[in-house]
Novice: 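Below is the structure I would like to discuss, written out as structure tokens.
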Protein chains: 2
Amino acid sequence: MRTVEKALKLLELFDEAHPSFGLSALARRADIDKATVLRMLQDMAAAGLVEQDPASRNWRLGAGILRLARLREAAFPATGALNPILARLAQETGETAHASLRAGADLGTVGVVESTRSNRVYIEPGLILPLHATASGLAYTAFARPDVPAEVLARPLAAHTAATPTDPATLAARLEMVRASGYACADQTYDADVHGLAMPLFGPDGFAIGALAVATPATRLTADLRRLILSALADAARKATLGMGGRIPDHHRIAA
Amino acid sequence: MRTVEKALKLLELFDEAHPSFGLSALARRADIDKATVLRMLQDMAAAGLVEQDPASRNWRLGAGILRLARLREAAFPATGALNPILARLAQETGETAHASLRAGADLGTVGVVESTRSNRVYIEPGLILPLHATASGLAYTAFARPDVPAEVLARPLAAHTAATPTDPATLAARLEMVRASGYACADQTYDADVHGLAMPLFGPDGFAIGALAVATPATRLTADLRRLILSALADAARKATLGMGGRIPDHHRIAA
DNA sequence: AATGGTCGGTTCATTATTTACACCAATGTT
DNA sequence: AACATTGGTGTAAATAATGAACCGACCATT
């Protein structure tokens with residue numbers, strides 16, 4: 001595998017539960033020799049992507065990322081416009097709302113506003129959403145450039161729960177349903193007990209660049225709540241697309 | 001040079017004036033063969049650090065950065081606490097306030113609140129501040145772990161203006177002054193016409209991890225304004241350090 | 001204290017990856 | 001229509017990545 005790719009894959013090992021690693025632990029987890037991992041970390045540290053806590057000698061994500069994020073936002077504002085929309089969406093539906101954008105092979109979560117109810121879906125910051133196993137992933141894939149669904153259907157489709165579509169034909173059929181209805185739903189295909197409803201976010205060229213979604217505890221989703229969510233989601237997705245400078249394709253219709 | 005390091009150096013070529021590049025342009029600017037640059041970009045795109053605009057085929061910073069930034073903030077909150085402090089600092093002084101954290105070899109700007117006056121200092125998002133040529137850099141370096149000033153003094157010191165200290169002995173003397181006074185000032189050492197006043201931000205171990213600064217047009221800085229800024233800065237820097245979970249060393253005193 | 005385990009980090013010969021040159025088709029420009 | 005530049009590809013040559021062994025430091029047990 002390409003060295004740069006391998007090095008950057010190390011970044012994916014960091015999540016909320018594992019915000020920092022010792023050298024050996026990281027090497028073990030990545031299944032790469034620790035001498036190699038050390039050199040990669042040092043190179044990434046030189047760019048500010050990671051940094052080493054001087055006391056514990058542990059490695060964590062670096063401040064250079066914040067700098068890059070500011071630059072990206074300045075050039076291509078997204079999260080700034082997204083947050084108030086998410087807040088309103090969460091408030092209107094009473095459920096957890098989140099937004100994600102295509103980043104690398106999958107969708108990366110760029111914004112979350114949680115439901116205020118005590119039984120609510122928690123989405124950890126920066127969670128990676130697989131394209132085939134989440135409502136957001138389906139909504140994005142269905143309306144992305146045509147090469148995206150083609151590539152996704154050719155992937156090995158990992159089963160995250162018993163309901164995850166792992167057969168390309170099944171997945172293709174679901175994508176077709178999403179295209180017909182204008183929204184995606186995923187009933188416990190990624191997390192057990194979580195039901196997701198999602199709609200695509202469009203870029204300037206009229207193809208999807210991400211998705212807006214509402215996640216509910218699976219047992220709570222009544223037909224009424226579903227209607228409420230879909231209506232709020234349609235409005236929010238439209239605003240979000242326009243707020244980011246995207247264009248909704250002329251033929252795009254939502255048939256709830 | 002290490003491949004990973006070289007690839008990540010490409011990221012530093014992006015700034016507000018150049019938010020996206022064509023392949024050839026980027027290769028030219030980085031002075032690397034374009035075949036090599038292409039592979040690097042593809043690897044970084046797989047991690048979401050960059051992405052290619054499908055229409056123009058230009059490359060820009062990717063959405064994966066936003067995801068990583070969220071993770072970093074969740075694990076190590078910094079900018080969240082910084083922004084209100086910067087806003088107040090800018091309001092109290094009437095000048096542009098900015099915060100930066102060590103990222104790679106230098107300081108990366110992680111927050112800016114501009115002055116509201118018509119003649120004001122503009123700091124572009126994500127600007128990189130050289131350690132030897134800015135008030136923030138001096139404030140950070142003077143109070144960082146001892147190996148930092150040692151390394152900085154051994155660097156080649158680029159002259160950004162006529163006033164930039166390029167001689168290690170001069171720089172060492174200035175650092176000593178900063179240590180004695182508790183703050184750093186830099187009169188047009190980076191940008192002509194800009195005067196910076198800065199104080200260190202401390203990490204949990206009592207060593208500096210970044211800096212808080214106020215930048216004024218050089219002609220406007222009267223003795224009175226200087227006093228006002230230093231007093232507001234001292235308060236803001238203390239709050240910012242504590243807000244980020246840092247510890248101010250017991251012996252730290254500000255002698256304005 | 002002595003033991004054994006793990007840690008972060010270094011070294012160096014072997015190997016596999018990266019590199020740069022030439023080349024291609026497509027798209028503007030003059 | 002000729003020309004230059006673009007993004008991208010394939011190749012042999014050269015360079016940089018690799019991983020096993022090793023080091024001293026640290027930490028529990030024994």
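Here is how names work: the chains are called A, B, and so on, in the same order as the sequence lines, proteins then strands, and each is numbered from 1. On a predicted model such as this, the values are computed, not experimentally measured, just so you know.
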Novice: Would you kindly give the NZ-to-C1' distance between A:K34 and D:dG19, to the nearest whole Å?
Specialist: 11 Å

Novice: Check whether B:T164 reaches the backbone of B:T189 with its side chain - one donor and one acceptor, N or O, closer than 3.5 Å.
Specialist: yes

Novice: Can you name the nearest heavy-atom pair linking B:A103 to A:A63, along with the distance?
Specialist: CB-C, 3.9 Å

Novice: For the pair made of CE in A:M40 and P in C:dG8, what is the distance, rounded to whole Å?
Specialist: 17 Å

Novice: Any side-chain N or O of A:T3 below 4.0 angstrom from OP1/OP2 of D:dA16?
Specialist: no

Novice: Do the side chains of B:E51 and A:R72 get close enough for a salt bridge, i.e. N-O under 4.0 angstrom?
Specialist: yes

Novice: Please state how far atom CG in B:L38 lies from atom P in C:dC24, giving the value in whole angstrom units.
Specialist: 19 Å

Novice: Please answer whether the main-chain N or O of A:L127 pairs with a side-chain N or O of A:T109 as donor and acceptor at a distance below 3.5 Å.
Specialist: yes

Novice: With sequence neighbours left out, which residue pairs that include part of residues 8-35 of chain A fulfil the salt bridge (charged side-chain N to carboxylate O under 4.0 Å, His left out) condition?
Specialist: none

Novice: OP1 or OP2 of D:dT5 less than 4.0 angstrom from a side-chain nitrogen or oxygen of B:S24, does that happen here?
Specialist: no

Novice: Check the distance between D:dC22's C1' and A:D33's CG and give it to me in whole angstrom.
Specialist: 13 Å

Novice: Look at all strands and tell whether A:R39 reaches a base, only sugar-phosphate, or nothing, counting heavy atoms closer than 4.0 Å.
Specialist: base

Novice: I'd like to know if the side chain of B:T134 reaches the main chain of B:G137, judged simply by a donor and an acceptor atom lying under 3.5 Å from each other, with no hydrogens or angles considered.
Specialist: yes

Novice: Give each protein N/O atom lying under 3.5 Å from an N/O atom of nucleotides 27-30 of chain C, with the pair distance.
Specialist:
none

Novice: Quickly work out the B:L41 CG to C:dT18 P distance and round it to whole Å.
Specialist: 14 Å

Novice: Would you work out how much the helix from C:dA1-D:dT30 to C:dT30-D:dA1 bends between its ends, with each end axis defined by five base pairs, to 10 degrees?
Specialist: 40°

Novice: Given atom NZ of B:K6 and atom P of D:dA16, what is their separation to the nearest angstrom?
Specialist: 7 Å

Novice: Applying side chain to side chain donor-acceptor pair (under 3.5 Å) as the test, list every pair that has at least one member in residues 170-179 of chain B; sequence neighbours left out.
Specialist: B:D167-B:T170, B:E176-B:R179

Novice: If every non-hydrogen atom of A:A142 is compared with every non-hydrogen atom of A:V178, which pair is closest and at what distance?
Specialist: CB-CG1, 3.5 Å

Novice: Please list residues of residues 42-61 of chain A whose heavy atoms come under 4.0 Å from any atom in DNA chain D, ordered by number; otherwise none.
Specialist: none

Novice: Could you name each residue pair satisfying side chain to side chain donor-acceptor pair (under 3.5 Å) that touches residues 150-159 of chain A, not counting sequence neighbours?
Specialist: A:D106-A:R155, A:E151-A:R155

Novice: Distance from A:R60 atom CZ to A:Q52 atom CD, nearest 0.5 Å?
Specialist: 10.0 Å

Novice: Grab the CZ-C1' distance between B:R28 and D:dA4 for me, whole Å please.
Specialist: 12 Å

Novice: Taking B:H132 for the side chain and B:A158 for the main chain, is one N or O donor matched with an acceptor at less than 3.5 Å?
Specialist: yes

Novice: Measure from CZ on B:R2 to P on C:dA16 and round the result to the nearest Å.
Specialist: 20 Å

